[in-house]
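Side chains included, hydrogens not; waters and symmetry mates left out as well; all remaining heavy atoms used. Since the structure is predicted, the reported quantities are computational estimates derived from the model, not experimental observations.
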Number of protein chains: 2
Amino acid sequence: MMKVKEVADLVGISVRTLHHYDEIGLLSPDAITESGYRLYSNNNLETLQQILFFKELDFPLKKIKEIIKSPTFNREEALFMHRKLLLEKRNRLDVMIRTIDKTISYTKGEIQMSNQEKFEGFDFSQNPYEQEARERWGDEAIDQSKAKVGKMSKDEQAAMGEKMNEIYRNLAALRHESPASPESQAAIKKWYDILNKMGNYSLEAFKGLGQMYVDDERFTKNIDQFGEGLAAFMRDAMAVYADTNQ
Amino acid sequence: MMKVKEVADLVGISVRTLHHYDEIGLLSPDAITESGYRLYSNNNLETLQQILFFKELDFPLKKIKEIIKSPTFNREEALFMHRKLLLEKRNRLDVMIRTIDKTISYTKGEIQMSNQEKFEGFDFSQNPYEQEARERWGDEAIDQSKAKVGKMSKDEQAAMGEKMNEIYRNLAALRHESPASPESQAAIKKWYDILNKMGNYSLEAFKGLGQMYVDDERFTKNIDQFGEGLAAFMRDAMAVYADTNQ
DNA sequence: TGTTGACTCTAACGTTACGTAATACCTTAT
DNA sequence: ATAAGGTATTACGTAACGTTAGAGTCAACA
């Protein structure tokens, strides 16, 4: 249980913001002391994390409230969507950085840029970013009358979990061979495919994920349950896969 | 000369926004028709580009106005600063994406994340991003009484330009050797160093810039003035340099 | 035990950057 | 010349807090 300022300092927002979120019913602390102090639980913090992700994607608080209060709200699905949208935002930033690079270099060479070029990366309405998000979260998740296409049922989730375990076991069996061997690469391809059913991973991201498997020991521990050294093996196999399939 | 809607559509903002910028004196069109229609010049568009860069970095319009109206305002310097800050913003996004990846994977493995971890990438106040920008633009660029440390005089700029030309010529002379040869790499290192005096280029960015030298023909043309094929040679040398100096 | 200093509360008005009408004039294609 | 679509001004609305202001709370130190 944390008090307002602790939370505010932890996540880098103002106390007033937390007050505000309480006011509008977006995030009310799980407990309140006798003297009226707000006490935030770990659960509250998770919700806050979700809220901030949505905010980073420029969703209005009103919409965020609708979304996370909705009974059909799926935390996992939201995370994958966030990931995807953040990646797109990152790409826009990349384009803007490129635009700057061009501008800088052109200035030196007295080259004229077209007006189009000057604003590459700025026009947010052109790319599907907002559109798609609103369709997905604004309609599908809220309007319960619509069919929940693309969403997984509990059963499907369980099935997917089992498939993932199978791939783990498969990889564990191969882990003493070369990560670049055809068998290893075939197995790791399955891993890539199943991840992409959920989250849309780029090859680069896939490679990065593999690195995390060994960088973060809790990850490592979790994966190595299927066999000592599996995490490291997967990292290598994932790197090879990413590099050879560019 | 473009009318409001043309401009709005080009850059992806609303007509109202342009009206607003005119209202507050941030960006007034260079010309107005008899009937009062706003007509934006190419110059206006460049200013608008600057404004949008600052906005992307969350500067309030009031500050943006102060900055770009200031007589000490240096467009080049601003571009470099923008580049740097956008890169930092991109890095924050990367951290957030990582955080999501962790959250997703941990959820599967029933691993607990620390509260700290949950909010990695969110706390914008901790990194120098805003701080630095305000110091640089809020004080130094505005408050004319302060010394303009770190800023280049006209003379220094000219000197730097001459140095760059020298490197070009040097590289041109080497362009029929291997881009990986010690001489080529020594020359390209100079290029890297001089760019970094101005803009803080990562190795990755440096490599990307090299690619642009051949992707964009205006670039190519400009560079190849020093010798046919120099742009392509530089791209290769820059790639080698980036890869070997990681 | 009293007193500070840092923290917390509610209440309420202020601010930024536009959105959203409403009303009226301008321009261009048919 | 008439309709469709663009533009102008004026003005009120709104979202997400910022910013006092006044008062109570808590932990530690004198």
Side-chain angles (χ1 to χ4, degrees), chain A residues 1-41 44 47-48 50-68 122-125 130 134 138, chain B residues 1-41 44 47-48 50-68 122-125 130 134 138:
Chain A
M1 290 295 185
M2 301 169 74
K3 283 191 279 187
V4 265
K5 193 164 192 290
E6 296 177 68
V7 177
D9 286 346
L10 174 66
V11 314
I13 61 179
S14 75
V15 169
R16 174 71 238 254
T17 299
L18 286 170
H19 282 174
H20 184 60
Y21 290 174
D22 192 2
E23 254 178 58
I24 64 174
L26 175 58
L27 177 63
S28 300
D30 270 351
I32 295 182
T33 68
E34 287 179 8
S35 45
Y37 282 26
R38 277 163 257 252
L39 294 178
Y40 293 85
S41 69
N44 291 147
T47 307
L48 181 54
Q50 297 268 349
I51 291 171
L52 293 183
F53 277 130
F54 277 111
K55 243 194 66 181
E56 183 66 30
L57 298 168
D58 294 317
F59 280 63
L61 298 187
K62 206 172 170 183
K63 206 87 193 176
I64 301 181
K65 185 179 170 186
E66 282 177 32
I67 292 172
I68 62 180
F122 279 122
D123 191 346
F124 299 172
S125 61
E130 263 206 31
R134 296 207 189 285
Chain B
M1 290 296 186
M2 302 168 71
K3 283 190 279 185
V4 265
K5 191 160 193 291
E6 295 176 68
V7 177
D9 287 346
L10 174 66
V11 316
I13 61 181
S14 73
V15 169
R16 174 71 238 256
T17 299
L18 286 169
H19 283 173
H20 184 60
Y21 291 173
D22 191 3
E23 251 177 59
I24 64 174
L26 174 59
L27 176 64
S28 301
D30 269 351
I32 294 182
T33 69
E34 287 179 8
S35 46
Y37 281 26
R38 277 163 256 250
L39 294 179
Y40 292 86
S41 68
N44 290 148
T47 308
L48 181 54
Q50 297 267 351
I51 291 171
L52 293 183
F53 278 129
F54 277 111
K55 244 194 65 182
E56 183 66 30
L57 298 167
D58 294 317
F59 280 63
L61 299 187
K62 206 173 170 183
K63 207 89 193 174
I64 300 181
K65 186 180 169 185
E66 281 177 31
I67 293 173
I68 62 179
F122 279 121
D123 192 348
F124 300 173
S125 62
E130 262 205 32
R134 294 205 192 287

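The nearest whole Å value for the distance from the CD atom in B/E23 to the C1' atom in D/dT10 is 9 Å. In this structure, B/Y37 atom OH and D/dT9 atom P are separated by 11 Å, rounded to whole Å. Rounded to an integer number of Å, the gap from NZ of A/K63 to C1' of D/dA16 is 17 Å. As rounded to whole Å, 16 Å separates atom P of C/dC7 from atom CG of A/L39. The nearest whole Å value for the distance from the CG atom in B/D9 to the C1' atom in D/dT7 is 14 Å. A straight line from NZ of B/K55 to C1' of C/dA17 spans 8 Å, rounded to a whole angstrom. If you measure from atom OH of B/Y40 to atom C1' of D/dT7, you get 11 Å, rounded to the nearest angstrom. Going from atom NZ of B/K5 over to atom C1' of D/dG6 covers 8 Å, rounded to whole Å.
Taking only side-chain nitrogens and oxygens, B/S35 comes nearer than 4.0 Å to OP1 or OP2 of C/dT27. The side chain of A/R38 contributes no N or O atom lying less than 4.0 Å from OP1 or OP2 of C/dT8. Between B/K3 and D/dG5 there is no side-chain polar atom (N or O) within less than 4.0 angstrom of OP1 or OP2.
The closest donor-acceptor contact from the side chain of A/N44 to the backbone of A/S41 lies under 3.5 Å.
Taking each heavy atom of A/P29 and A/D22 in turn, the nearest pair found is CD-OD2, 3.7 Å.
The residue B/S14 sits close only to the backbone: its heavy atoms come under 4.0 Å of sugar-phosphate atoms, none of a base.
A/L10 has its side chain within reach of A/M2: a pair of non-hydrogen atoms, C-beta onward, lies under 4.5 Å apart.
Less than 4.0 Å separates DNA chain D from at least one heavy atom of each of the following residues of residues 15-22 of chain A: A/R16, A/T17, A/H20, A/Y21.
Distance from the side chain of A/L61 is smallest to D/dC17 among D/dC17, D/dA8, D/dG6.
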